[in-house]
> 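Before anything else, here's the structure in question.
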Amino acid sequence: MTLVSALVLSGPPGVGKTTVGWRVFDRCTDLGQDPAFVDLDLMGAAWPAPEDDPHQARLKATNLAAVWSNYRAAGSRRLIIAGVVEDQGDRKLLEMATGGAVIICRLEAPDDELAQRILGRGRESGADVAKLAARAAELSAQLAAHDVSDYSVGTAGRTIDEVADDVLARWETPS
């Protein structure tokens, strides 16, 4: 089986991109697939953001290219990326950064569950929780309406292991 080198876990805040990404990383490690993991939010954590790139997509892609190059030089063969892919432009930036096609898995959960997960993280408080929950619901609807993913996986009512196993199985045999 030929392994596609890059998987992107996309979705709104609270859906589990980072948590699932780490579990997929663990599974790939256990399978001897020499993975690497990158959280795109961290690749773009610099301010101010340019007016024409408010979500730092270009900076994230530039940093991802450098990090992936270093990971490959260290022996990694598969790349797991947690981050939001809103449109084909974002997808193209990621493909240029990784040097090839990416498989995008859109993680999904109901809005009320996203809000509960955001609250449960404890990183945001007060009005910030409500603001992020509203953004999660808005982004969830946007990603579903303008879907650029190769497949989607629901996270509601499932364990991290169940979701990770589903994501990994679909990555290896995309439909």
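Excluded from the calculations below are hydrogen atoms, water molecules and symmetry mates; all remaining heavy atoms, backbone and side chain alike, are included.
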> Do I103 and V24 sit in the same hydrophobic cluster, where Ile, Leu, Val, Met, Phe, Trp and Tyr count as joined when their side-chain heavy atoms come under 4.5 Å apart?
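Linked within one cluster.
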
> Of the non-hydrogen atoms in A57 and D90, which two are nearest, and what is the gap between them?
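Closest pair (atom of A57, atom of D90, distance): CB-OD1, 3.8 Å.
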
> Going from CD on Q142 to CG on D87, what distance comes out if it is rounded to the nearest 0.5 angstrom?
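CG of D87 is found 8.0 Å from CD of Q142.
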
> Just to verify, which of K17, E108, E113, R117 counts as forming a side-chain hydrogen bond (donor to acceptor under 3.5 Å, both in side chains) with T155?
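Of the listed residues K17, E108, E113, R117, the side-chain hydrogen bond (donor to acceptor under 3.5 Å, both in side chains) partner of T155 is R117.
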
> Kindly work out whether a path of hydrophobic side-chain contacts (I/L/V/M/F/W/Y, heavy atoms less than 4.5 Å apart) joins L93 to V67.
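No, L93 does not connect to V67 through the hydrophobic network.
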
> Going hydrophobic residue to hydrophobic residue with side-chain gaps under 4.5 angstrom, can you get from V153 over to L143?
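V153 and L143: separate clusters.
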
> Look at the side chain of S140 and the backbone N and O of A136, then say whether any donor-acceptor pair between them is shorter than 3.5 Å.
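Not confirmed, S140 side chain does not pair with A136 backbone.
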
> Taking all heavy atoms of A164 and all of V20, pick out the closest pair and write down the distance.
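A164 and V20 have their closest heavy atoms at CA-CG1, 4.3 Å.
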
> Below 4.5 Å, heavy atoms only, C-beta onward: do W68 and S76 meet side chain to side chain?
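Answer yes - side chains close enough.
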
> Using modelled atom types and a 3.5 Å cut-off, is there a donor and acceptor pairing between side-chain atoms of S69 and backbone atoms of A65?
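Pair absent, no side-chain N/O of S69 close to backbone of A65.
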
> Is the shortest side-chain N to carboxylate O distance from R27 to D161 below 4.0 Å?
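Looking at R27 and D161, the cut-off is met.
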
> Can you give me the closest heavy-atom contact between A115 and A133, atom names plus distance?
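Result for this residue pair: CB-CB, 3.9 Å.
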
> What is the distance from atom NZ of K131 to atom CD1 of I118, rounded to the nearest 0.5 Å?
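Atom-to-atom, K131:NZ and I118:CD1 are 12.5 Å apart.
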
> Do L107 and S152 have side chains that approach each other closer than 4.5 Å (heavy atoms only, starting at C-beta)?
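Not touching, per the 4.5 Å side-chain cut-off.
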
> Drop me the distance from R78's CZ to T29's OG1, to the nearest 0.5 angstrom.
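One gets 11.0 Å once the value is rounded to the nearest 0.5 Å.
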
> Would you call Y151 and I104 a side-chain contact if the rule is heavy atoms closer than 4.5 Å?
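Not in contact.
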
> Do L7 and V102 have side chains that approach each other closer than 4.5 Å (heavy atoms only, starting at C-beta)?
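They are not in side-chain contact.
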
> Are L64 and L79 side-chain neighbours, meaning at least one heavy-atom pair lies under 4.5 Å?
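Side-chain contact under 4.5 Å: yes.
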
> Could you measure the distance from the CD1 atom of I80 to the SG atom of C105? Nearest 0.5 Å is fine.
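Nearest 0.5 Å value for the CD1-SG distance: 12.0 Å.
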
> Under 3.5 Å, side chain of S10 to main-chain N/O of V85, donor-acceptor pair present?
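Yes; judged by distance alone, with no hydrogens or angles, the pair exists.
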
> Could you check whether any side-chain N or O of Y71 sits under 3.5 Å from a backbone N or O of R77, counting only pairs where one atom can act as donor and the other as acceptor?
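Not at all, since once roles are kept as given, no pair shorter than 3.5 Å links the two residues.
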
> Between E162 and G157, what is the shortest heavy-atom contact and its length?
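In terms of heavy atoms, the two residues are closest at OE1-O, 4.5 Å.
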
> Provide the closest heavy-atom pair for F37 versus A82 in the form atom of the first, atom of the second, distance.
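Taking F37 first and A82 second, the nearest heavy atoms are CZ-CB, 4.0 Å.
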
> Are D150 and R170 within salt-bridge range, i.e. N to O under 4.0 Å?
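Here D150 does not pair with R170 in a salt bridge, since their nearest N and O are not under 4.0 Å apart.
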
> When rounded to the nearest 0.5 angstrom, what distance separates OG1 in T98 from CD1 in I81?
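It comes to 6.0 Å.
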
> Is any side-chain heavy atom of L139 closer than 4.5 Å to one of E86?
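Yes - at least one pair of side-chain heavy atoms lies under 4.5 Å apart.
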
> Taking R23 for the side chain and T19 for the main chain, is one N or O donor matched with an acceptor at less than 3.5 Å?
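Side chain of R23 to backbone of T19, a donor-acceptor pair under 3.5 Å: no, none is there.
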
> State, with a plain yes or no, whether a side-chain heavy atom of L31 is found less than 4.5 Å away from one of L168.
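They are in side-chain contact.
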
> Evaluate the criterion side-chain contact (heavy atoms from CB on, under 4.5 Å) for residue pair L59 and M43; output intermediate values, then yes/no.
CA-CA 7 Å; L59 178 62; M43 297 287 100; over 6 Å; no

> Measuring from atom CE of M96 to atom CZ of R91, what distance do you get when rounded to the nearest 0.5 angstrom?
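The CZ atom of R91 is 14.0 Å from CE of M96, to the nearest 0.5 Å.
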
> Check step by step if side chain to side chain donor-acceptor pair (under 3.5 Å) holds for D39 and T18.
CA-CA 7 Å; D39 188 322; T18 302; 2.9 Å; yes

> Quick one: does V84's side chain get under 4.5 Å of L40's, heavy atoms only?
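No; the side chains remain at least 4.5 Å from each other.
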
> Please report the shortest heavy-atom distance between L132 and P13, naming the atom on each side.
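Where L132 meets P13 most closely, the heavy atoms are CD1-CG, 3.8 Å.
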
